[in-house]
Structures are given as C-alpha cells and as structure tokens.
Novice: 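Please read through the structure below; I'll follow up with questions.
What you see is a predicted model, and the numbers here were worked out from it, not measured in a lab. Below, chains carry the letters A, B, ... as their sequence lines are ordered, and counting in each starts from 1.
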Number of protein chains: 2
Amino acid sequence: MAAVSAPSGPPETLSGRERILSAAAQRFLDAGYVETSLRDLAADVGMKAGSMYYHFESKDALLIAVLERGMSLMVDAFEEVVDGFAVAGVDNAIESAADQRLAAHITAHLRALHDNRAFTAGHVTLFRTAPQVVREAVLPLRDGYEARWTALLAEVLPDRSIDERTMLRLGLFGAMNASIEWLDTGRGTVDRFARLVADQFWRGVGSEPSEESSGKGKR
Amino acid sequence: MAAVSAPSGPPETLSGRERILSAAAQRFLDAGYVETSLRDLAADVGMKAGSMYYHFESKDALLIAVLERGMSLMVDAFEEVVDGFAVAGVDNAIESAADQRLAAHITAHLRALHDNRAFTAGHVTLFRTAPQVVREAVLPLRDGYEARWTALLAEVLPDRSIDERTMLRLGLFGAMNASIEWLDTGRGTVDRFARLVADQFWRGVGSEPSEESSGKGKR
DNA sequence: CCGGCTACCTAACAAACGTTAGGCAGATCT
DNA sequence: AGATCTGCCTAACGTTTGTTAGGTAGCCGG
C-alpha cells in the first residue's frame, strides 16, 4: 500500500506491467491519449479497467512511463554512436569526418525512432498536448537528448551562428520525426531515408544525386 | 428547423460564426480537439454551449471548417507564387531559376503557415488524430496541396527518382511544419528561417554559410 | 496448515461530455 | 401591426470517463 512502484528488488514482473505498457504505447499512438479509455486498454491485455491501478497509479503515470522509455531508447542510441566513434580513434581526420559523424547519428536516430515506434513516436505526436504533469515529468530526458544534438552540431558546424545551428537542428528534427507518419517501418526503407536525409542535409539537393541510386534507376 | 446549414444566400453573418471559428481554431490548437469542451469554447465567445449548434451542426463540423479554411489559405499562398512567376516571363532562365522558384514557395508556405497559425497549424498537430469523418472531409483539399508540391519538385528536380522526390518533399514538409511548435511568429523571424531552409535544402550545410549572415555575424 | 503477498475482479461513484428540445427577445419584412 | 426570421438561452438527456473500495483465487514461506 505504501509504494507500488518497485515490488522489492530485481524480480521485475515482466508480464503484467510490461504488457500494459506496450498496449498503452500502441493505443496512445494510434488513437491519442484522451481518446484511449482505460477500459479499452484493459481489454487489450485481457484485464478489467480497475486492475491496472495495481501497476500504475494513474493514467498520467502510464503515459509518463511510455514517454520515458521512448526517450531513453533514443538517448541510448545516440550514446552508442558516440562510443562507436570513440573506439575508432579520436585522432582521425577531424574535419572530413564531420559529415560521416552526422550521418551516423541521423541513421541512429531514425532507426531508434522506427524500431521502437510505439514508444518513441509519442514524443512527436502526443507530447505537445499531454497533461502538464506529464510534460514536466518527461522534460528532463528530452532536454538531455536535445543537448546532445546541440553539442554535436556545435562541433560539426563551428562556422555557423548559434541561432542558425538551432534552426538547423530543429529543421532536421522536423524532417526526421515527421517520417513516423508516412514511412512504413522496415530497416531497408529507414536506412534509405536516413542516407537521403544525411546527404541532403550536408550537400543539398542542387548538385547531382549521389552515385548509389536506389531501386529503379531513373538516370 | 429543416436545414440550419445555409441561412439563405449571400448574407453571411460574419460576427457570430466567425468568432466561434477563430476561438475554436485557437483552442483546438492549444489544447487539442477532445480536450476542448464546447462549454469552454462557448465561454470564449460569450455564448452558452447549446447556442453554437445554431452555427455548426456538430463539433466535428466545427473542426472541419477550421481545417478547410487553413488548407485553403495554404493553397492560395501557393497559387499566388505561381502567378507571380507566370507574369515574370516563362522564357526566363529555366534551369538556374529552379532554386529561386523553390525558395519562393518555401517562403510562401512558411508565411502562410505562421500568418494564419491558428487555422493552418491544425493540419500538423491535430489532423492525424481527428475523427475519421473529419479526415475524410478535409482530405481532398490536402491532397490538392500535396499534388502542387509534387509537381513543383518534379519540375525542379527532374533527375531524381520519384521515390527520392517523395521522400525529399516529406522531409521538407517536416522541417517546415515543425516550426509551428518553436518558431515565435514574426515576419522577420519567419523569413529568416525560410531563407535558411531554402538555402540548406538546395546547397546543403557542408559548404560555407551564405554571405548574408543574420544578426551577429559569427563569420 | 496457515498467514501473507501477488495479481486480478466487481461494483459503484461523481464528474464531464456532446447533443437536443423548446422557448424568447429583438430586428426585419409585408 | 402582425408575421417571420435570426441569434441566443435554459434545462435536461444519456453516455462515457478516471478512479476507488472492497473482495478473492492462487502461490509461497514457515
């Protein structure tokens, strides 16, 4: 009765709470937060509405849990790329590798976004209209991810002003995150889009297309 | 009592219906569709909830009206640019003007988006989760606008494959439309972002920044 | 065998929602 | 002056919602 949050130690009950979490993420994303009733949600996991209060103290807490997991997955993906470049040797070509570093992070962002779509997409579609309690709870994690990208762009585009870098970052995020609304999940498709975004972001679209044409070569 | 839809002929009452429309657009955008109650909305315009059924036959119809106006404004802005280039002479330099045509449309899109933010932003934030009836009603207008951009990109990027053009268009839309969530309205700011997006889209970010640096020149 | 814990269920609560029927003051038209 | 229409109000309806209190079957350590 005191704390429902953690049962005791390591024995994380993975069936009950986890099933609710996944179903909630999916339904929140498909139908929206308010449009999703706890009764429908409970039916998805074979429960009754009131039963879920054993695992989560409120509907808001459920949304917070979903969004926190989503953002954690994104942060992890970012750090994985950082670690990858760290072992590759710092004394590599610093300048010429800038576009490759950026490309790697773009790919990682898009992969993490689509591989865990149910959890991550909520940050794009329903964070904005989420209850204030929810937004405040998840904001630290979001800010952390944003800060990583801000730092990355500062290293990779040192000649741009801060204002321009901010706008470029937000524009890049917009281009990438909007893909959850139209891109059919599938590793191949995601990677192709990632290459296109990275290529276009760095070299633009005015010059001739890169050599590796995809699918049916128009050329 | 038979049909409330159209009063009679041209005498469109502009005070009542219009005030509801504006207030609804603002509240839908700020709080979301379901989160906005007709009672709160009515209070905004100094009415009672039931009174609004004189002007709109349902809450869904209200949202449809808001979204339709928003998309009409976007379409008009697009066509205005087309007309502008038409009078400028068709036999201009076709190839070299491609980037300028694109830049003009990007600026027009962003201006129309932010100048009528209350109406237009709904297509970004709440179309996705709107009731199916609403989405179906507004879809023709949206498709029309999309088709215009598809045609534009086909003329401006003839060497790219259809798949790539689609992805580039969706990416560009994502970058532009996401700005409603962070860009503080103001013609100067909007135009600066428009130039940055157009420049980055065409020439990329890898080369040195364009000569006209904004605000404090980092250079 | 027994007390307690886990994981669920049942039943009900108050509040809020979209929507409707009927009424009513004031302007406009005939 | 009477009729009609416009624009709004009041009051209520049925439904759905998040949430809670209390109960219960099964497992598990002692």
Novice: For nucleotides 18-25 of chain D, just jot down a letter per nucleotide in 5' to 3' order: B, S or -, based on protein non-hydrogen atoms under 4.0 Å.
Specialist: BBB-----

Novice: B:Glu80: which residues meet the side-chain hydrogen bond (donor to acceptor under 3.5 Å, both in side chains) condition with it, sequence neighbours left out?
Specialist: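 B:Glu80 satisfies side-chain hydrogen bond (donor to acceptor under 3.5 Å, both in side chains) with no other residue.
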
Novice: Using side chain to side chain donor-acceptor pair (under 3.5 Å) as the criterion, point out the one residue from B:Arg27, B:Arg19, B:Gln26 that pairs with B:Asp44.
Specialist: B:Arg27

Novice: Kindly assign one of parallel, tilted or perpendicular to the pair B:Tyr145 and B:His109, based on the angle between their ring planes and the thresholds 30° and 60°.
Specialist: parallel

Novice: What integer distance in Å separates B:Ile20:CD1 from D:dC8:P?
Specialist: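 From B:Ile20 CD1 to D:dC8 P: 7 Å.
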
Novice: Run the side-chain hydrogen bond (donor to acceptor under 3.5 Å, both in side chains) test against A:Glu79 and tell me which residues pass, sequence neighbours left out.
Specialist: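 Partners of A:Glu79 by the side-chain hydrogen bond (donor to acceptor under 3.5 Å, both in side chains) criterion, ordered by chain and then number, come out as A:Arg148.
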
Novice: Mind telling me whether A:Phe85 and A:His105 have parallel, tilted or perpendicular rings, with 30° and 60° as the class edges?
Specialist: parallel

Novice: Using a strict threshold of under 4.0 Å (side-chain N to carboxylate O), is an ion pair present between A:Arg203 and A:Asp199?
Specialist: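 Salt bridge present between A:Asp199 and A:Arg203.
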
Novice: Give the rounded distance in Å between these two atoms: OH of B:Tyr54 and P of D:dC5.
Specialist: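 To the nearest whole Å, that distance equals 11 Å.
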
Novice: For B:Glu18 and D:dG7, give me the distance from atom CD to atom P, rounded to whole Å.
Specialist: 13 Å

Novice: Rounded to whole Å, please give me the gap between CD in A:Glu35 and P in C:dC17.
Specialist: 14 Å

Novice: Please tabulate, for side-chain N and O atoms in residues 126-140 of chain A, each donor-acceptor pair with protein atoms closer than 3.5 Å (sequence neighbours left out).
Specialist:
{"from": "A:Arg128", "atom 1": "NH2", "to": "B:Leu29", "atom 2": "O", "distance (Å)": "2.1"}
{"from": "A:Gln132", "atom 1": "NE2", "to": "A:Glu136", "atom 2": "OE2", "distance (Å)": "3.2"}
{"from": "A:Arg135", "atom 1": "NH1", "to": "A:Ala130", "atom 2": "O", "distance (Å)": "2.7"}

Novice: Give the angle between the helix axes at the two ends of the helix from C:dC1-D:dG30 to C:dT30-D:dA1, taking five base pairs at each end and rounding to 10°.
Specialist: 0°

Novice: Over how many whole Å does the gap from B:Lys48 atom NZ to D:dA11 atom C1' extend?
Specialist: 11 Å

Novice: Restricting to pairs with a member in residues 67-76 of chain B, which pass side chain to side chain donor-acceptor pair (under 3.5 Å), not counting sequence neighbours?
Specialist: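 Qualifying pairs, neighbours excluded: B:Glu18-B:Arg69.
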
Novice: Take the protein atom CE of A:Met52 and the nucleotide atom P of C:dC8, then report the distance between them rounded to whole Å.
Specialist: 11 Å

Novice: Taking only the side-chain nitrogens and oxygens of A:His55, find out if one of them lies under 4.0 Å from OP1 or OP2 of C:dC8.
Specialist: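 Looking at the OP1 and OP2 atoms of C:dC8, one of them is under 4.0 Å from a side-chain N or O of A:His55.
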
